[in-house]
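A quick write-up on the structure given underneath.
Here is the naming used below: chain letters follow the sequence lines, and residue numbers restart at 1 for every chain. All heavy atoms count here, side chains included; hydrogens, waters and symmetry mates do not.
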2 protein chains.
Amino acid sequence: MNTLAEENYLKAIYKLSLTARNVSTNQIAAELATKASSVTDMVRKLADKALVNYARYQGVSLTKTGEKVALNIVRRHRLWEHFLVEKLHFKWHEVHEMAEEMEHISSTELINRLDAFMGYPTRDPHGDPIPDCDGNIKASALKPISIVKANTSGVISGVGDHTTSFLQYLEQQKLTIGKRVTIKEIIGYDNTVILEMDNKQLQISREVANNILIAI
Amino acid sequence: MNTLAEENYLKAIYKLSLTARNVSTNQIAAELATKASSVTDMVRKLADKALVNYARYQGVSLTKTGEKVALNIVRRHRLWEHFLVEKLHFKWHEVHEMAEEMEHISSTELINRLDAFMGYPTRDPHGDPIPDCDGNIKASALKPISIVKANTSGVISGVGDHTTSFLQYLEQQKLTIGKRVTIKEIIGYDNTVILEMDNKQLQISREVANNILIAI
DNA sequence: TTATTTTTTTAGACTTGCCTAAAATTATAA
DNA sequence: TTATAATTTTAGGCAAGTCTAAAAAAATAA
């Protein structure tokens, strides 16, 4: 079994791997709010356990085994988030920190039964896909609003930023999962995006548009 | 907040306090499968945090604050056990280890919502009372079979030993929570107890009789 | 291409929680 | 009451995971 710290590193490396082939020491340090020297130590340890590929100064990638472990953590995290929202009626922006703790509950049987209890959901409350018990995960196929063309329309299905402040902003603007939006225009000057939703127009910044994912 | 190790110590001290005024270092060491010297270290730390009363060579007791923390851990443990049995359909002897991990999930709001979701249960699957959100707990008022008089009858409502092997034995003998039993005779020679249940007789050892609690 | 900056690693130290072995204290027995 | 046994504490050490400061390597700029 892996320690809590090891699990957190694997999850961070998995997340960063989605947008980079080889993950750098500094990226991991930033993601985990720790120092680069600590990352070097831990990455060595994970390499010894054959969970990551690592060569000095060359960055890190997950091995097959490491990816499997990471996907399992992601599965647990997202299933618990789903439980918290669907059964305990938390808001989608309230569940991340709780799930950070719950994802480390180790029993596989428990998580499989939770999966069944929830009716084998395929996405968590933020629209992210939930890996199945074999670690298969649906490729997201979601695009940030910032990169789609004007006059396309889609359903909000995920976010790229899970911080409470961002989710609360979305909540307040009613930009929630499942809402259909149409991208009307992207202003050249600062990349502000003009959206239509519920027959009303609203503007969002490039930053926000980057972190709202839609299924077209 | 308290560390995982601290929480486990508080829980152990709480448990041992039910049958002893001052808990000894060795008792705690045995309960947690650790060494006496480790216990001394941790007990000092808990005393510094005002969670236990401690004087060298004099044993340990929980302070009001310490007891509140301990009861909260017990509450979390028992509510999760209830959830695992009622919603995820685990057997009563399968849930202890999982709940040992789940009891450390820290959110109070989470546990209160779980409580509501389960319908405010008052006892866990082993018959132990669940403290409410203010730390009030129903005095057990349960007696081990070994100490009741012949020809009394009662309902199995708790166990004094939560090990898998013991619970499996009970399961196999159908000595489960809610079953009504009548104590027919206690053999003087070795304190073997003769029970009647479902109109059949069965014998249990003094050891087992000590660990089955009935409400009369 | 060399100099400077940035990134990464190494070295050494700290905290938590545990250990063993020895010393101190308390309990028990002769 | 004194000797022996058991319990508890102290002393010193170890592993995990973190940190700071300095050295090494790589990337970038002049």
Side-chain angles (χ1 to χ4, degrees), chain A residues 1-17 19-62 66 69-70 73 100-101 103-104 106, chain B residues 1-17 19-62 66 69-70 73 100-101 103-104 106:
Chain A
M1 247 318 99
N2 306 300
T3 67
L4 198 142
E6 285 167 355
E7 290 202 344
N8 285 332
Y9 273 86
L10 289 172
K11 190 168 55 119
I13 295 166
Y14 172 80
K15 181 177 168 186
L16 295 168
S17 295
T19 50
R21 201 141 290 103
N22 258 33
V23 179
S24 80
T25 301
N26 265 0
Q27 281 179 294
I28 299 171
E31 178 71 24
L32 293 174
T34 183
K35 295 300 155 83
S37 56
S38 307
V39 174
T40 301
D41 285 351
M42 179 57 91
V43 155
R44 270 250 192 60
K45 202 180 147 196
L46 294 174
D48 288 347
K49 295 179 84 170
L51 295 168
V52 300
N53 305 113
Y54 168 68
R56 276 155 77 249
Y57 296 102
Q58 300 309 124
V60 185
S61 63
L62 292 174
V69 174
I73 302 164
E100 288 285 296
E101 293 183 55
E103 73 191 6
H104 301 290
S106 59
Chain B
M1 249 317 98
N2 306 300
T3 67
L4 197 142
E6 286 167 355
E7 288 202 346
N8 285 332
Y9 272 86
L10 289 172
K11 191 168 55 119
I13 295 166
Y14 172 80
K15 181 177 169 186
L16 295 168
S17 296
T19 50
R21 202 143 289 103
N22 258 33
V23 179
S24 79
T25 301
N26 266 0
Q27 283 179 292
I28 300 171
E31 178 70 25
L32 294 173
T34 182
K35 295 301 154 82
S37 55
S38 306
V39 174
T40 301
D41 285 351
M42 179 57 90
V43 155
R44 270 250 193 62
K45 200 179 149 198
L46 294 174
D48 287 347
K49 295 179 83 170
L51 295 168
V52 300
N53 306 114
Y54 168 68
R56 277 153 78 251
Y57 296 104
Q58 299 308 125
V60 185
S61 64
L62 292 173
V69 175
I73 301 163
E100 288 285 296
E101 293 183 57
E103 72 192 5
H104 301 291
S106 59

Hey, what are the protein-to-nucleotides 25-28 of chain D N/O distances that come in under 3.5 Å?
| residue | atom | partner | partner atom | Å |
| --- | --- | --- | --- | --- |
| D/dA25 | O4' | A/Y57 | OH | 3.3 |

Integer-rounded Å distance: C/dA27 C1' and B/N26 CG: 13 Å

Members of residues 31-41 of chain B that approach DNA chain C, where some heavy atom sits under 4.0 Å away: B/T34, B/K35, B/S37, B/S38, B/D41

Donor-acceptor contacts under 3.5 Å from residues 52-62 of chain A side chains, at least two apart:
| residue | atom | partner | partner atom | Å |
| --- | --- | --- | --- | --- |
| A/N53 | OD1 | A/S61 | OG | 3.2 |

Interatomic distance, B/L16 atom CG to B/N22 atom CG [nearest 0.5 angstrom]: 11.5 Å

Counterpart residues, side chain to side chain contact (heavy atoms under 4.5 Å, CB included), relative to A/D41 (two or more places apart): none

5' precedence on DNA chain D between A/L4 and B/G59 (nearest-nucleotide basis): B/G59

Contacts of B/E7 that satisfy side chain to side chain contact (heavy atoms under 4.5 Å, CB included) - sequence neighbours left out: B/N2, B/I73, B/R76, B/H104

Pairing residues for A/K15 by the salt bridge (Lys or Arg N to Asp or Glu O under 4.0 Å) criterion, not counting sequence neighbours: A/E31

Smallest separation among heavy atoms of A/I13 and A/S17, with atom names: O-OG, 2.6 Å

Separation of atom CZ in A/R44 from atom P in D/dA15, rounded to whole Å: 17 Å

Nucleotide C/dT16, atom P - distance to CG of B/D48 in whole Å: 11 Å

With a 3.5 Å cut-off and sequence neighbours excluded, list the donor-acceptor pairs that the side chains of residues 23-30 of chain B form with protein atoms.
| residue | atom | partner | partner atom | Å |
| --- | --- | --- | --- | --- |
| B/S24 | OG | B/Q27 | N | 3.1 |
| B/S24 | OG | B/Q27 | OE1 | 3.4 |
| B/Q27 | OE1 | B/S24 | N | 2.9 |

Atom pair distance, as rounded to whole Å: NZ in B/K49 and C1' in C/dT16: 12 Å

B/Y9 side chain near C/dT16 phosphate (N/O to OP1/OP2, under 4.0 Å): no

N/O (side chain, A/S24) to phosphate O (OP1/OP2, C/dT8) under 4.0 Å: yes

Non-neighbouring partners of B/A5 that pass side chain to side chain contact (heavy atoms under 4.5 Å, CB included), sequence neighbours left out: B/T3, B/M42

OP1 or OP2 of D/dT8 under 4.0 Å from side-chain N/O of B/Y54: no

Set of residues satisfying salt bridge (Lys or Arg N to Asp or Glu O under 4.0 Å) with respect to B/E6, sequence neighbours excluded: B/K45, B/K49

side-chain N/O B/T25 vs D/dT9 OP1/OP2, d < 4.0 Å: yes

For atom CE of B/M42 and atom P of D/dT9, their distance in whole Å: 15 Å

